[in-house]
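Below: one structure, written as structure tokens.
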Amino acid sequence: MYSEKVLDHFQNPRNVGEIENPDGVGQAGNPKCGDIMKIYLRVENDVITDIRFKTFGCASAIASSSMATELVKGKTVEEAWNLTNKAVAEALDGLPPVKMHCSVLAEEAIHAAINNYRRNRGLPVWEEESHDELVDHHAHHHG
Amino acid sequence: MSRQVYLDYAATTFTAPEVVSAMTPYFTESFGNPSSIYSFSERNRKAIDAARQKVADVLGATKEEIYFTSGGTEADNWALKGAAWRNRSKGNHVITTKIEHHAVLHTAQFLQENGFDVTFLDVDAEGRISLDDLKKAVTGKTVLVSVMFANNEIGTLQPVAEIGAFCREKGILFHTDAVQATAHVPIDVKAMNIDLLSLSAHKFYGPKGVGALYVRKGVRIDNFMHGGGQERGRRATTENVAGIVGLGAAIELTSGRMKTASARIGGLRDLLVEGVMKTIPHAKLNGAPSGERLPNNANFSFIGIEGETLLLDLDGAGIYGSTGSACSSGSLDPSHVLMAIGLSHEQAHGSLRLTLGEETTEEDIRYVLSTLPGIVKHRREMSPLWEDYLKSIEGGR
């Protein structure tokens, strides 16, 4: 069902934990759907120097969190913002169709954390893109 | 090889070696079609007859009341649709519960789409229906009540004898899905006033793909499988001879050791439950207390973690269980049973069902008890939900 990369990041998740006094923190998902992702950022000179996550959810949610943090660590805030859920899923060698929303969750949590960081800095927030098509697909798929 | 602990006997059991031995001749040597009149097929007719008698003996029925099917799902479909169609001139109301297996639940929904009114009874926090609710739900148009004998997820036993007595008094057909209960807890269809009962061989050490429906003598239901004249014209298709023989051998074997098995397995289950509740903080036992649930069933909720994660971590340790979490079932919603007993989404997503059986040993249970707490702790530590939960209970003080 899962690729080896998904299982690796599920079993040995990278960047788990919290950052004390983070520069940005964001959360996505809800307990009703069974997954919540929380992202903590440390930003120095517009570069994400540290990132930590905590995730409640299935294996693909945990693996997506882990992979997403790996992908944006060391990147500028703008580069991190441009990370798509597809890139997260591809880096994991794919996710089962019913689990694609887990990669969306990672993108959304990072966006929420970046906007929190921008708000803390007094910067205008960036517009978060909707992923209704995937959510719809998800709901449809599950009947 | 590392340790493997199978704790998903409610999903399916292995087929007992003696059952396999009983079945084998009917694949190779005695392969004749039971409907053929020559003497070569006589052995097969007799074998089916003997299996039918074994099922009847365990249920307190007569063999003419037993019809073999392809499994529990077919038996449930036949009972509900057959009884509903047959009686639709009398009324179009069916009563069932919110915690039925999908084989009953989705069949009831199908009836709903086809002109029947269906009442889905609520259950209490332990998963039991109330007789008062049932009595209140009955109308002049009620033709069928279907309440499962024991729940597949939480193991709770229903007050079947009371339901049966009430339905008989009212002249309403009573069906029970006894797929999880048959050969594991005592059943007497006569004393319990059961009109229709579904069972499945692979839940009691028989093969997959074969089950039976008990239809009380005098009860008429429409046919479900149309075709040849097998099963006395009530269920067409060439008999699954080896499967039927296996079902007969398995029900005899398993019900024969019911007392000793349920004492031993129930004791191990209690050990498991006690150990989990003692070593894992904020664990919740779902379902009824020991004695009011299937002896082999344990169902827990661990707030803060998601069931699929738990299953995969347990799998990594060689332990096989199941969960009512949405993520593992391929559905957005967690188990309808866990929601019906009043669990929050968080609790239902964090559920773990462990069901014990013949090969479960005390060593197995001790291994689970030495492994599970660490897994729960590890996954809770990375869960924002657990963090929020801890804050909420601190704040509530």
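In what follows, chains carry the letters A, B, and so on, assigned in the order in which the sequence lines appear, proteins first and then strands, with residues in each chain numbered from 1.
- When heavy atoms are compared at a cutoff of 4.5 Å, B/Glu381 approaches chain A solely by way of its backbone atoms N, CA, C and O.
- Of the residues considered (A/Thr55, A/Asn30, A/Leu7), A/Thr55 shows the highest number of contacts with chain B, using heavy-atom pairs under 4.5 Å.
- Remark: A/Lys86 does not engage A/Glu107 in a salt bridge, criterion side-chain N to carboxylate O under 4.0 Å.
- The pair A/Lys99-B/Glu308 meets the salt-bridge criterion, since a charged nitrogen lies less than 4.0 angstrom from a carboxylate oxygen.
- Interface summary for chain A: among B/Asp313, B/Leu310, B/Asp388, the most heavy-atom pairs under 4.5 angstrom belong to B/Asp313.
- Using a distance-only test at 3.5 Å, with no hydrogens or angles considered, no donor-acceptor pair links the side chain of A/Arg14 to the main chain of A/Ser65.
- At a 4.5 Å heavy-atom cutoff, the contact between A/Pro13 and chain B is made by side-chain atoms alone.
- Looking at A/Glu18, the atoms closer than 4.5 Å to chain B (heavy atoms on both sides) all sit in the side chain, from C-beta outward.
- Judged by a 6.0 Å distance limit and a 45° cone about the ring axis, B/Lys81 is positioned over the six-membered ring of B/Phe110.
- At a 4.5 Å heavy-atom cutoff, the contact between A/Ile36 and chain B is made by backbone and side-chain atoms alike.
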* To do: Show your working on ring-ring contact (aromatic ring centres under 6.0 Å, His included) between B/Tyr389 and B/His282 and close with a plain yes or no.
  => CA-CA 10 Å; B/Tyr389 174 76; B/His282 302 280; 5.3 Å; yes
